[in-house]
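Reading through the structure tokens given below for one structure.
A quick note: this is a predicted structure, and the numbers were derived from the prediction, not measured. First listed ligand is number 1; within each ligand, the first listed atom is number 1.
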Amino acid sequence: MVRRFVREEIVPLEADLDPDADELPAEESARLVALTKEMGLYGLDTPPEYGGPDIDVVTRTLIALEATQHRAGLYVPCYGVFGGARQAQMFEATDAQKDKYLYPMLRGELKTFFGLSEPSGGSDPARAIQTRAVREGDEWVINGSKLWISGADRADYGLVFARTGGPGRSGVTCFIVETAWEGFKVARVVHTLRSAKYATEIHLDNLRVPHENILGQEGGGFAIANDRLSRQRIPYAAECVGVAIKAHEMAVEYAPMRETFGAPLSSRQGIQWMLVENEIDIRAARLLIFDAASKADRGEPFRTESAIAKLVASENSFKVVDRSMQIHGGL
Ligand SMILES: Cc1cc2nc3c(=O)[nH]c(=O)nc-3n(C[C@H](O)[C@H](O)[C@H](O)COP(=O)(O)OP(=O)(O)OC[C@H]3O[C@@H](n4cnc5c(N)ncnc54)[C@H](O)[C@@H]3O)c2cc1C
């Protein structure tokens, strides 16, 4: 169902879109959202009690494998028409926070960002976070900066992780921050290898945040951040492999069509080896992803499995895409 949707609805639209587009025209988007709702799949990663589809992790993984098989698929699978909970940790919000921030986000009315990484480093945020929040009465005053934050320039609010205590995990608190507040500034767009869905640098200059905008517990921010990162590893891994599957499919189609030195590329053993390696890399990654997904569905620990799956999926997919590009030459 999702495969047909991608091939019949998404791929044809891309012919008329800017190659770097990461959004559909509003009327197309609304039409396709209506279709995903009809399919019963709107609201991916949103728990059923909040209106999301009642699907298990294996099914979510299958959707991710298919929904990425188009030009912008890696960063905006199906241009977001399957909806979804961008900030999964908002389900841990208070009722008042949910009314103000979560439900409008789920309805697609508010956009969000996730502000964890800083110029001081992203791999080890528990130690690296230098942004500091100091309490003044019923407010917190935040100063610092965040780097590589996706979509902050288009967001209405976001989660900002700041140090409220000493070094380490227990000193980090998560705040819900509105981008229109004084003291919040998107300093610049940060261009990375990806052109669509670019990242940003944020400066927080005496940003005043009400105490009730703490998400979870004071000092509990790192657990919230970590939870999000673990949960998302499985669909992220599957999205990488979806892109690899498409690239490999294109290479398999192209190799017999292109002739060099009097014979099709596909007749050369060097090219055949590349295609075989592609197939092996894709299958190995897919098996690891389904291992993690099925453990998650059975309620077994899956943190290590999801980390391994994400590592292998991203590295294997990179190799598959690279080989597939080489087979296409200068195309
Ligand atoms: C396109 C893009 C979008 C992003 N969006 C967001 C976002 O929305 N929100 C957000 O918070 N962050 C975001 N990030 C930041 C991302 O999470 C960080 O870049 C990532 O965590 C790595 O941090 P770093 O770049 O500081 O690298 P570092 O932490 O400085 O690491 C540098 C290198 O050293 C390696 N390394 C680290 N520690 C060790 C070790 N102990 N031993 C050996 N090697 C090590 C790393 O693997 C890496 O290769 C985004 C990044 C990119 C590129």
Atoms of ligand 1 less than 4.0 Å from [X] heavy atoms?
X      : result
Gly121 : 26 (O)
Gly122 : 21 (O), 23 (O), 24 (P), 26 (O), 29 (O)
Ile149 : 7 (C), 8 (O), 9 (N), 10 (C), 11 (O)
Leu116 : 11 (O)

Do you know which two heavy atoms are closest between Met1 and Met39, and how far apart they sit?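 Shortest heavy-atom separation between Met1 and Met39 comes out as CG-CE, 3.6 Å.
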
For ligand 1, find out whether one of its N or O atoms is nearer than 3.5 Å to an N or O atom of [X].
X      : answer
Phe114 : yes
Ser123 : yes
Glu118 : no

Rounded to the nearest 0.5 angstrom, the CZ-CG distance for Arg208 and Asn213 is 14.0 Å

key: Residues that His328 engages under ring-ring contact (aromatic ring centres under 6.0 Å, His included), provided they are two or more places apart   =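 In terms of ring-ring contact (aromatic ring centres under 6.0 Å, His included), with neighbours along the sequence ignored, His328 is linked to Tyr254.
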
inquiry  = We want to know whether Asp297 and Ser294 form a side-chain donor-acceptor pair, criterion being a heavy-atom distance below 3.5 angstrom.
reply    = no

Q: Inspect the contact between Lys185 and Glu201 and indicate whether a charged nitrogen and a carboxylate oxygen are less than 4.0 angstrom apart.
A: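 Here Glu201 does not pair with Lys185 in a salt bridge, since their nearest N and O are not under 4.0 Å apart.
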
Sequence neighbours excluded, the answer for side chain to side chain donor-acceptor pair (under 3.5 Å) partners of Ser306 is none

